[in-house]
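See structure below.
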There are 2 protein chains.
Amino acid sequence: MSLRHAVLAALLDGEHSGYQLTKLFDVGVSNFWYAAPQQLYAELTKLEADGLVAGREVVQQGRPNKRVFTVTEAGVAELAAFAAAPAKPLLIRDDLVVKVHAVDVLDPAPLIAQLLERAEQAAAKLALFEKMLKRLRGDRDEGAFLREGERIGPYLSCLAGCRLEREMRDWCLSTARTLGERSAHPGRTTRS
Amino acid sequence: MSLRHAVLAALLDGEHSGYQLTKLFDVGVSNFWYAAPQQLYAELTKLEADGLVAGREVVQQGRPNKRVFTVTEAGVAELAAFAAAPAKPLLIRDDLVVKVHAVDVLDPAPLIAQLLERAEQAAAKLALFEKMLKRLRGDRDEGAFLREGERIGPYLSCLAGCRLEREMRDWCLSTARTLGERSAHPGRTTRS
DNA sequence: GCGTACATGTAATGTGTTACATGATTTA
DNA sequence: TAAATCATGTAACACATTACATGTACGC
């Protein structure tokens with residue numbers, strides 16, 4: 001039941017439509033929550049019915065109209081209750097690491113390809129996150145910004161995203177290298 | 001539908017009962033897949049029905065009997081098909097980072113407590129993983145083991161777990177410090 | 001006798017994913 | 001005119017979580 005809190009937290013950054021949230025949650029790991037587009041539309045409907053967000057129609061030229069949402073006072077209260085409650089443990093599920101775990105009975109070639117692809121995706125996200133950090137802190141350096149900035153939440157969560165993506169990239173690259181070298185010099189008994 | 005592959009991968013490490021898998025998946029992030037106990041029992045039943053694992057009754061003294069499972073040839077084939085298919089993107093969901101994202105409208109005190117608690121948990125897991133790495137590589141150094149070891153999959157996935165837990169620990173500590181210092185010296189306009 | 005660890009499940013509920021459906025407007 | 005982006009949803013299905021249920025055996 002905490003998709004709603006993730007949505008509320010995302011809406012603190014400003015008014016957004018369902019579609020815009022889709023994009024934010026697609027980059028997603030930035031705020032450590034993944035959600036599919038359809039989940040977001042459904043959740044926004046529920047949140048509005050519960051009075052935690054307020055919707056507003058925005059008429060656009062050249063594009064379909066959209067509804068943008070803001071967090072209400074009740075929404076902030078809900079977030080406060082959520083933050084005070086004990087945090088659930090991190091939920092993580094990753095195909096790729098499972099495959100690597102099983103690599104000894106598998107053909108390593110497709111895995112190496114997938115690791116390199118994932119490394120690239122991670123590098124791209126990292127670049128995106130670092131750009132966002134720069135934008136958030138403006139001309140201040142990080143220390144000063146974290147001491148004096150008015151809004152540091154998104155910056156701090158983005159730092160977490162950076163750490164994750166950096167490690168993901170490096171792990172993928174080093175794992176791909178290890179597997180590649182073993183394929184090139186199979187100095188051990190072949191299994192299967 | 002890849003809980004089954006995570007289970008198959010875990011069973012490559014040796015015969016395990018449902019209960020034992022419960023413990024492995026509870027430490028869990030080591031192989032980057034979280035699953036609740038009830039999921040595992042259900043999945044094992046299905047896997048056995050599909051012929052991907054073989055169960056064997058183990059009679060114990062002083063304890064209830066248990067059924068342990070091994071991956072069959074069909075199971076390995078299933079894993080191979082899984083590994084060859086494109087990997088799904090990493091799925092991550094973390095309450096705690098969502099809370100930090102929203103910290104600017106919240107009371108930071110309970111959050112700081114949660115961050116420190118999480119840091120401790122991460123440190124404990126890291127220690128566990130590092131012990132496991134030592135056990136897996138034996139007396140060889142890492143480079144030699146990765147070049148010459150016969151079974152490196154679990155080692156590589158455990159390295160990923162180490163990276164994640166190390167970063168989680170450091171991020172939690174540095175975020176808690178930042179929030180703590182701001183509470184101590186509120187040199188900015190108070191909101192709300 | 002009580003709590004903890006071992007050991008395994010069923011059933012109900014809640015959440016998330018996938019497929020389908022629609023339609024405007026912009027760029028190639 | 002075909003594809004891409006913007007924009008929002010419904011419905012069916014798959015999956016995960018929670019609560020409940022049961023029972024052995026060990027150590028305190």
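Each chain gets a letter, A, B and so on, in the order the sequences are listed, and its residues count up from 1.
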Legend entry - Touch class at under 4.0 angstrom, heavy-atom based, for A:Ser17 against every strand present: sugar-phosphate

Legend entry - Residues A:Tyr34 and B:Arg93: side-chain donor-acceptor under 3.5 angstrom: no

Inset, instruction - May I ask you to verify if any side-chain N or O of B:Tyr19 is less than 4.0 angstrom from the OP1 or OP2 atom of C:dT8? - result: no

Inset, instruction - Hey, which sits more toward the 5' end of DNA chain D by its nearest nucleotide, A:Gln60 or A:Ala42? - result: A:Gln60

Legend entry - DNA chain C: 5'-proximal contact among A:Ser2 and B:Gln38 (nearest heavy atom): B:Gln38

Legend entry - Interatomic distance, A:Met1 CE vs C:dT13 P [rounded to whole Å]: 16 Å

Inset, instruction - Give the nucleotide from the list C:dT17, C:dT8, D:dA16 with an atom nearest to the side chain of B:Arg67. - result: C:dT8

Legend entry - Which residue lies more 5' along DNA chain C, comparing B:Asn65 with B:Arg93 via nearest heavy atoms: B:Asn65

Legend entry - Value in whole Å for how far the P atom of D:dA7 lies from CG of A:Asp26: 15 Å

Legend entry - Residue mapping more 5' on DNA chain D - nearest nucleotide basis, A:Arg63 or B:Pro37: A:Arg63

Inset, instruction - Ignoring hydrogens and angles, tell me if any N or O in the side chain of A:Lys88 forms a donor-acceptor pair with the backbone of B:Asp94 under 3.5 Å. - result: no

Inset, instruction - Measure up the A:His5 and A:Phe82 rings against each other and bin them: parallel (under 30°), tilted (30 to 60°), perpendicular (over 60°). - result: parallel

Inset, instruction - Ignoring backbone atoms, test whether A:Tyr41 places a side-chain nitrogen or oxygen under 4.0 Å from the OP1 or OP2 oxygen of D:dT8. - result: yes

Inset, instruction - Taking atom types as modelled, find out whether B:Asn31 and B:Ser157 have a side-chain donor-acceptor pair closer than 3.5 angstrom. - result: no

